[in-house]
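These notes concern the structure reproduced below.
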Amino acid sequence: MAQPKYTTHPGMVDILPDDVRKWQYLENLIRTEAEKFNFEEIRTPIMEQTELIVRGLGQLTDIVSKEIFAFSRGEDNYVLRPELTAPVVRAYVENHLDQRGGSQKLYYIGPMFRAERPQKGRQRQFHQFGVEVLGSSDAVADVEVIAFMIHIYNKIGINNTTLKLNSIGDPESREKYKEALKAHLKPNYEKLSEISKKRYEKNPLRILDSKEEEDKPFIENAPVITDYLNEESIKHYSKVKEYLTDLEIPFEEDPYLVRGMDYYTQTAFELISPDLGAQDALAGGGRYDLLVQEIGGQPTPAVGFAAGMERLFIACEELGIQLGSEKVVDVYIVTLGDAARKWGLSQLPKLREKGVSATMDYMGRSMKAQMKDANRENAHYAIIVGENELTEGKFTFRNMKESEESSLSFEEILEKF
RNA sequence: GAGCUCGUAGCUCAGUCGGUUAGAGCGCCAGGUUGUGGCCCUGGAGGCCGUGGGUUCAAUUCCCAUCGGGCUCCCCA
């Protein structure tokens with residue numbers, strides 16, 4: 001097929017009406033369930049200052065170093081948001097949300113942008129929902145965040161997921177661990193993959209994430225961070241595990257789970273699905289106790305997660321889960337002739353006033369074509385109006401599904417709803 | 001940044017060992033039913049066979065390049 005003159009950018013897709021219904025279903029579900037947890041929605045701009053993202057996520061992260069869409073205009077630097085934790089924290093600080101008292105429980109839904117090579121479960125514009133709890137260092141917050149995340153998937157019927165859990169401790173613990181890890185790898189430095197060699201100095205923790213065959217033997221018997229946690233961190237981590245167990249939320253400890261952003265501290269987690277293929281992370285998150293301060297606010301502990309909506313839909317497809325319902329319309333007015341069209345046009349508002357969805361033919365087509373259209377639109381009822389009906393004031397009211405019709409005045413038809 | 005793979009109608013896909021007007025199913029439009037949809041029957045519209053170049057008497061078919069899609073590595077949602 002010939003390529004159209006104008007297309008979306010790679011990795012950016014149109015969401016067409018048939019698909020939008022499932023998006024709306026998911027969005028409604030998220031909002032409804034978030035309200036049950038007493039989370040409040042926050043909406044921030046699509047673009048942020050580049051510096052916020054660079055400082056917030058970390059200069060050396062993959063996202064910042066190669067995946068951000070950034071441009072400048074005059075003096076200002078703009079970046080399309082690649083995630084929402086840093087922007088939400090920015091909004092928290094900028095708008096003094098701490099002054100509302102207590103911990104802030106926020107949720108969001110919206111598009112994110114990363115300049116990656118598109119593939120299954122990975123787009124350049126994609127959508128996330130997530131929550132951020134700011135102001136609490138208590139493990140209760142970690143666990144509520146995780147519980148909400150799992151809750152959404154369970155509501156939808158995606159149950160075959162694995163919650164991976166780890167603690168990467170506070171900076172002090174992590175420094176100690178980094179040194180131990182480097183000491184462990186040093187004798188075999190030359191045997192490491194090229195990527196891992198690069199990470200060795202900059203961010204040795206990421207070597208643990210490596211999928212290169214040659215790295216595996218050294219990763220397998222590497223020291224684990226949980227052995228280097230200080231007392232504070234150990235205490236927090238065990239509380240998280242204790243509460244998860246209380247809630248009967250199963251988890252799998254993965255001492256090598258390292259998340260992509262620099263801002264994480266303590267708890268780190270990912271929700272993995274076997275239905276996704278290469279990109280198997282449905283959602284991920286953790287604690288980020290230093291980010292608020294890093295961005296210029298008062299020291300404020302926080303925890304949150306982000307979930308990929310497209311990936312959720314992929315999992316649904318694999319599992320045969322249908323989200324949202326068929327498109328329908330209550331009434332289709334079939335008109336014959338100009339007078340009937342004029343009449344139909346003026347009755348539509350009366351139906352809609354009653355909360356009845358209603359439409360009519362816009363193309364001046366034959367009755368047969370209009371009936372066909374009504375069928376295609378899944379109209380529950382057709383009101384058929386021609387010259388006879390207009391003079392008598394009685395209209396043919398047809399139940400499309402039952403194929404039954406009666407002759408009624410328009411007032412009588414309105415009574416039916 | 002690298003690798004693999006695929007580009008024929010709106011969609012899913014046949015086909016041409018190089019040779020007159022390129023096919024099917026679904027969808028769309030119309031007729032059969034001059035005021036009744038879904039089922040059925042009939043007909044119609046809709047393709048520079050992704051684009052450019054090469055080889056050839058002749059290319060949608062073979063070769064090269066390019067563009068686009070999909071998948072994969074890295075990493076993440």
Which whole number of Å gives the distance between the [atom1] atom of [N] and that of [M]?
{"N": "B:C17", "M": "B:G1", "atom1": "C1'", "value": "41 Å"}
{"N": "B:A59", "M": "B:G52", "atom1": "P", "value": "14 Å"}
{"N": "B:A30", "M": "B:C13", "atom1": "C1'", "value": "26 Å"}
{"N": "B:U60", "M": "B:G69", "atom1": "P", "value": "25 Å"}
{"N": "B:G54", "M": "B:A14", "atom1": "P", "value": "31 Å"}
{"N": "B:G23", "M": "B:G38", "atom1": "P", "value": "29 Å"}
{"N": "B:G70", "M": "B:U12", "atom1": "P", "value": "12 Å"}
{"N": "B:C39", "M": "B:G35", "atom1": "P", "value": "22 Å"}

Using a cut-off of 4.0 Å on non-hydrogen atoms, how would the nucleic acid contact of [X] be classed: base, sugar-phosphate, or nothing?
{"X": "A:A374", "result": "nothing"}
{"X": "A:N378", "result": "nothing"}
{"X": "A:L282", "result": "sugar-phosphate"}

**Asked** What salt bridge (Lys or Arg N to Asp or Glu O under 4.0 Å) pairs are there with at least one residue in residues 125-147 of chain A, not counting sequence neighbours?
**Response** A:D142-A:R287

**Asked** What salt bridge (Lys or Arg N to Asp or Glu O under 4.0 Å) pairs are there with at least one residue in residues 47-57 of chain A, not counting sequence neighbours?
**Response** A:E48-A:R90, A:R55-A:E294

**Fill in**
Per-nt protein contacts along nucleotides 27-41 of chain B (heavy atom under 4.0 Å; B base, S backbone sugar-phosphate only, - none) come out as -SSS-B--BBBB---

Rounded to whole Å, please give me the gap between [atom1] in [X] and [atom2] in [N].
{"X": "A:M12", "N": "B:G70", "atom1": "CE", "atom2": "P", "result": "13 Å"}
{"X": "A:E67", "N": "B:C76", "atom1": "CD", "atom2": "C1'", "result": "7 Å"}
{"X": "A:K164", "N": "B:A77", "atom1": "NZ", "atom2": "P", "result": "14 Å"}
{"X": "A:D14", "N": "B:G69", "atom1": "CG", "atom2": "P", "result": "13 Å"}
{"X": "A:L57", "N": "B:C75", "atom1": "CG", "atom2": "P", "result": "17 Å"}
{"X": "A:L276", "N": "B:C71", "atom1": "CG", "atom2": "P", "result": "12 Å"}
{"X": "A:L84", "N": "B:A77", "atom1": "CG", "atom2": "P", "result": "13 Å"}

**Item:** Among A:F37, A:F129, A:Y153, the one residue meeting ring-ring contact (aromatic ring centres under 6.0 Å, His included) with A:F148
**Value:** A:F37

**Complete:** What one should report as the nearest heavy-atom pair of A:P45 and A:R81 is O-NH1, 3.5 Å

**Complete:** Nearest heavy-atom approach of A:R124 to A:E116 is NE-O, 2.6 Å

**Asked** Hey, which of these two, A:I63 or A:G11, hits RNA chain B nearer its 5' end, going by closest nucleotide?
**Response** A:G11

**Message:** Quick check: do A:R311 and A:F126 have side-chain heavy atoms less than 4.5 Å from each other?
**Reply:** no

**Item:** Test side-chain contact (heavy atoms from CB on, under 4.5 Å) applied to A:L134 and A:L97, A:L106, A:D98, the passing residue
**Value:** A:L106

**Fill in**
Test side-chain contact (heavy atoms from CB on, under 4.5 Å), reference A:M309, set A:E27, A:K22, A:M112, output is A:E27

**Request:** Determine, stepwise, if the pair A:E377 / A:K327 fulfils salt bridge (charged side-chain N to carboxylate O under 4.0 Å, His left out).
**Result:** CA-CA 7 Å; A:E377 299 293 325; A:K327 172 237 170 350; 3.4 Å; yes

**Fill in**
Note: contacts of residues 113-125 of chain A with RNA chain B (heavy atom, under 4.0 Å) are A:R114, A:E116, A:R117, A:Q119, A:K120, A:G121, A:R122, A:Q123

**Request:** Please name all residues satisfying side chain to side chain donor-acceptor pair (under 3.5 Å) with A:D170, sequence neighbours left out, ordered by chain then number.
**Result:** A:S173, A:N230

**Prompt:** Is the distance between the ring centroids of A:Y107 and A:F39 under 6.0 Å?
**Reply:** no

**Message:** As a test of your reading of the structure, name each stem of RNA chain B as range with range, where a stem is three or more consecutive Watson-Crick or G-U pairs at under 3.5 Å.
**Reply:** B:1-7 with B:67-73, B:10-13 with B:23-26, B:28-32 with B:40-44, B:50-54 with B:62-66

**Asked** On the ring face of A:Y381, is A:K416 found with NZ or CZ under 6.0 Å from the centre and within 45° of the axis?
**Response** no

**Message:** Atom NZ of residue position A:K354 - does it have more than 12 heavy atoms of other residues, nucleotides or ligands inside 6.0 Å?
**Reply:** yes

